[in-house]
Novice: 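Next up is a structure, given as C-alpha cells.
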Amino acid sequence: MAEHALKSPFLREAEARGYIFQCTDLASLDAAMCAGPVTGYIGFDPTADSLHVGNALAIMMLRLMQRHGHRPIALMGGGTAKIGDPSFRDEARALMSPERLAANLVGIESSLRQFLDFESSNSGAMLVNNADWLDRLSYIELLQDVGVHFSISRMLSFESVKQRLEREQGLTFLEFNYSILQSYDFRELNRRHGAVLQMGGSDQWGNIVAGIDLVRRTDARQVFGLTTPLVTTSSGAKMGKSAKGATWVNAAKLPVFEYWQFWRNTEDDDVGRFLRFFTDLPVEECTRLGALQGAEINEAKKILATEATAICHGREAAEAAAETARQAFETGTLTADLPSREIPAALLNEGIPAFRLFAEAGLVASNGEARRLIRGGGARLNDRPISDENRLIGTGDLVEGALKLSSGKKHHLLLRPRT
RNA sequence: GGAGAGAUGCCCGAGUGGCUAAAGGGGGCGGACUGUAAAUCCGCUGGCGUGCGCCUACGUUGGUUCGAAUCCAACUCUCUCCA
C-alpha cells in the first residue's frame, strides 16, 4: 500500500497496527476523517450463536473508531443470513431454520455488547439488523431500483465467485443475490445513519465495492471501503478455527479460562502481530514484546492473553483467568477458578469407573474416547495419571470437595458433587 | 427436455462381490522433546459392552446373492455439455 502520510489519528493507528489491507480511496477517507466524525460499519453474519476470534479484527476496527471519536455501527445480517454469502466458499451453506436464526441473533448481539459500548450517547455506537429493511423488500422494485446497476459479467469476474465457478461447484441464483443485498445495506445505512464507510475482511472486498458503486450511481455520493487482512498463524492455519470448534467469545460457549488459554498458546512468530491486532497496548510496546526471544516470549504471551481477554470478558475476569493459569501450570495447584461442572453426588457415592466419569464430565465425547485417552496415558485425576480405565472413583477421591480431571496437559475440569 | 459424469468416515481421497469399520493423506486428540510455542518423532482416531463380540456406517429405497460400498432398478441431489 502506498504511503499517504495519513493525518487522521484513526487511520494512522489502524495502519500502524496493520489493520488496513485495502482501501478504496485512502486519501479522501483520511480527509473526511480529519474533517469530523465519520460513521462506519461492519456486518456480522449470524451463522452461529456467538462470534469467534475470527471476527476479532473486525471488532477491533469498530472499537478503534469509537476510541477516536468516530461512530461505529455493528450490522447484524439477520436478513442476509437467509441468503448466505458465497464469497470464497466452496459450497453453499445450508439454510438455517427461523428459530435457529433468531437464537443466533441473540447470541451475536450479546457477543458484540461484550466489546462495544452501545449505551452511552456520546459515542453513538449503534447495533442494527438488516432484516429490518431487507425482509420487506419487494422483488420487482428491488430489481428496478438496484438490479439494473449490477452487471452480471462484472459480478462473475470477482475472484470471490470466480473460484467457486472454476471449482465446478455451481452457484445458485439465491447466493448470487447476496452481493446485491449487501450493497443495498450500505446504501440504506448511508441514507438512514449517514454511514460513509464499510469495513470488513479482505474476502468482503467484492461485496464492499459493489455497495460503493450502488451508492454512487443511485445517490451520487462518495462512500468508502476498507478491508482488514486475513489473519492466519505463522504456520499457515486460519486463526481460531480447529476441527474441535471455533474459539468463541461468548462465555457460555467457551469458558473465559479457555479463551485466555487460546491466546496464551499463540505461536512465537505471531506474538507481536497479535498484540498489535488484538490488544490496545501502544504499538511500540507490542513490537518490543513481540521481539523477545526464547522462553522470554512467554511473558509476552501472557500479556497478550490477559489484554485480549480483558477486551472480551472484562479486566477482572481476564486477571482471574491469568491467575488460574499461573497456578495450574506454574505451581500445579488445584484452584477453584478452573472450568467446573457439577455431577450428581449419587454417582460418587456409588463409585464410578474412571472412563465413565471422563465421559460424564464432558471432557471427552464418548466412553470409548475416554478409554483411549486413559490407555494413551493422557488422563489424570487430581494431577495423578490414571492407569486403570475401570478404576472406581468415589467420594474418597475428593480434594477440597472437588475432583480435578485432566485430559492432556491443558484441559482441566473441576467436578463438584451436587446433592 | 437430451447426453454424460458423480455422491465413500470430520475433510480430501482409494476401493468395483467375501480377507472392508473400509488404503493413504489432512485435521483432531494423546505421548515424547521443549518454553502451556513451532518443527520433529510415536500412538490413537464410529458407538456400546470389552481384547471374544454386538450395533451402526459408503446419497435414498428396494432387488439379485450364502454374502454388496462394490451387481441391478427406481428415486434424490450435484456437476459438465447440448437444446
Side-chain angles (χ1 to χ4, degrees), chain A residues 86 89-95 161 163-175 232-247 255 257-275 289-306 308-309 321-333 335 338-339 352-356 358-381 383 385-391 405-413:
Chain A
R89 300 201 116 249
D90 287 348
E91 52 191 35
R93 281 195 178 100
L95 295 170
V161 302
Q163 284 181 10
R164 175 77 163 272
L165 296 174
E166 281 167 1
R167 288 191 165 207
E168 302 188 344
Q169 285 297 322
L171 183 69
T172 64
F173 188 67
L174 175 77
E175 294 176 276
T232 55
T233 66
S234 292
S235 38
K238 277 174 286 180
M239 190 193 71
K241 284 233 174 172
S242 70
K244 190 177 176 184
T247 303
F257 174 74
E258 302 283 351
Y259 189 80
W260 191 92
Q261 280 294 314
F262 168 81
W263 295 105
R264 172 62 183 82
N265 286 307
T266 296
E267 293 175 29
D268 287 9
D269 294 344
D270 293 328
V271 173
R273 193 164 49 108
F274 282 11
L275 279 164
L289 289 169
L292 293 174
Q293 292 300 308
E296 283 195 326
I297 203 166
N298 283 329
E299 293 309 311
K301 291 184 186 181
K302 290 175 199 169
I303 293 170
L304 167 63
T306 300
T309 303
E323 177 58 19
T324 299
R326 193 185 70 76
Q327 295 194 28
F329 287 99
E330 294 176 22
T331 69
T333 341
T335 62
L338 285 173
I352 180 170
F355 77 90
R356 198 179 288 280
F358 271 75
E360 191 76 28
L363 220 46
V364 293
S366 67
N367 289 343
E369 194 174 313
R371 288 184 193 274
R372 290 193 291 267
L373 176 71
I374 295 169
R375 285 178 201 174
R380 275 165 298 141
L381 168 65
D383 297 311
I386 297 172
S387 49
D388 177 7
E389 63 204 56
N390 293 314
R391 194 206 132 170
L405 298 189
S406 306
S407 162
K409 289 173 185 157
K410 297 183 187 171
H411 300 105
H412 310 286
L413 187 68

Novice: Calculate the interatomic distance between A/Leu413 atom CG and B/C29 atom P; express it in whole Å.
Specialist: 17 Å

Novice: What is the distance from CG of A/Asn390 to C1' of B/G49, rounded to the nearest Å?
Specialist: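 Distance, rounded to whole Å: 11 Å.
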
Novice: Is there a Watson-Crick or G-U wobble partner for B/G49 with both distances under 3.5 Å, and if so, which one is it?
Specialist: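 B/G49 is paired with nothing.
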
Novice: Would a 4.5 Å heavy-atom cut-off, applied to side chains only, mark A/Pro339 and A/Glu258 as touching?
Specialist: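 The answer is yes; the side chains approach within 4.5 Å.
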
Novice: Any strand counts, and the cut-off is 3.5 Å on both contacts for Watson-Crick or G-U wobble. Which nucleotide pairs with B/U36?
Specialist: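 With both distances under 3.5 Å required, B/U36 matches none.
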
Novice: Cut-off 3.5 Å, side chains only: do A/Lys301 and A/Asn265 have a donor facing an acceptor?
Specialist: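 Per modelled atom types, A/Lys301 and A/Asn265 side chains form no pair under 3.5 Å.
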
Novice: For B/A21, give the paired nucleotide (Watson-Crick: N1-N3 plus N6-O4 or O6-N4; G-U: N1-O2 and O6-N3; both under 3.5 Å), or none.
Specialist: none

Novice: Would you give a per-nucleotide map of nucleotides 30-45 of chain B, 5' to 3', where B means the base has a protein non-hydrogen atom under 4.0 Å away, S means only the sugar-phosphate does, and - means neither?
Specialist: SSS-BBBBS-----SS

Novice: For A/Phe173, is there any backbone N or O sitting under 3.5 Å from a side-chain donor or acceptor partner on A/Glu175?
Specialist: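 The answer is no, because no donor-acceptor pair under 3.5 Å joins these two groups.
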
Novice: For nucleotides B/C12 and B/G6, find the distance between their C1' atoms and express it as a whole number of Å.
Specialist: 16 Å

Novice: How far does the P atom of B/A23 sit from the matching atom of B/G9, given to the nearest Å?
Specialist: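 Those two atoms are separated by 13 Å.
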
Novice: Can you tell whether the side chains of A/Glu330 and A/Lys302 come within less than 4.0 Å, N to carboxylate O?
Specialist: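 A/Lys302 and A/Glu330: salt-bridged.
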
Novice: Write down the partner of B/G30 under the Watson-Crick or G-U wobble criteria, each distance required to be under 3.5 Å.
Specialist: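 B/G30 is paired with B/C42.
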
Novice: Which whole number of Å gives the distance between the P atom of B/G25 and that of B/C82?
Specialist: 41 Å

Novice: What is the nucleic acid contact for A/Asn367, judged by heavy atoms within less than 4.0 Å: base, sugar-phosphate only, or nothing?
Specialist: sugar-phosphate

Novice: Assign the ring pair A/Phe329 / A/Phe257 to parallel, tilted or perpendicular, where the plane angle (0 to 90°) is split at 30° and 60°.
Specialist: parallel

Novice: Looking at every heavy atom in both A/Ala361 and A/Leu405, which two are closest together, and how far apart are they?
Specialist: CB-CD1, 3.8 Å

Novice: Hydrogens and angles aside, do A/Thr309 and A/Trp263 bring a side-chain donor and acceptor to less than 3.5 Å of each other?
Specialist: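 No pair is found: no donor N or O on one side chain lies under 3.5 Å from an acceptor on the other.
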
Novice: So what's B/G1 paired with, Watson-Crick or G-U wobble, going by both distances under 3.5 Å?
Specialist: B/C82

Novice: Taking the same atom, C1', in B/U80 and in B/U61, what whole-Å distance lies between them?
Specialist: 27 Å

Novice: What is the pairing partner of B/G6, taking Watson-Crick or G-U wobble pairs with both distances under 3.5 Å in any strand?
Specialist: B/C77

Novice: With a 4.5 Å limit on heavy-atom distance, are the side chains of A/Asn390 and A/Arg371 in contact?
Specialist: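 A side-chain contact exists here, since the closest heavy-atom pair is under 4.5 Å.
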
Novice: Hunt down the Watson-Crick or G-U wobble partner of B/G67, both distances under 3.5 Å, from any strand shown, or write none.
Specialist: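 Check on B/G67: unpaired, no WC or wobble geometry under 3.5 Å.
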
Novice: Between B/A69 and B/G59, how far is it from one C1' atom to the other, in whole Å?
Specialist: 12 Å

Novice: Expressed in whole Å, how much space separates the C1' atoms belonging to B/U78 and B/U8?
Specialist: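 To the nearest whole Å, 15 Å.
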
Novice: In whole Å, what separates the P atom of B/U60 from that of B/C10?
Specialist: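 So the two P atoms sit 13 Å from each other.
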
Novice: Atom CD1 of A/Ile374 and atom P of B/G51: how far apart are they, to the nearest Å?
Specialist: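 Computing the A/Ile374:CD1 to B/G51:P distance gives 15 Å.
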
Novice: Using the C1' atom in both, what is the distance from B/G67 to B/C19, to the nearest Å?
Specialist: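 To the nearest whole Å, 13 Å.
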
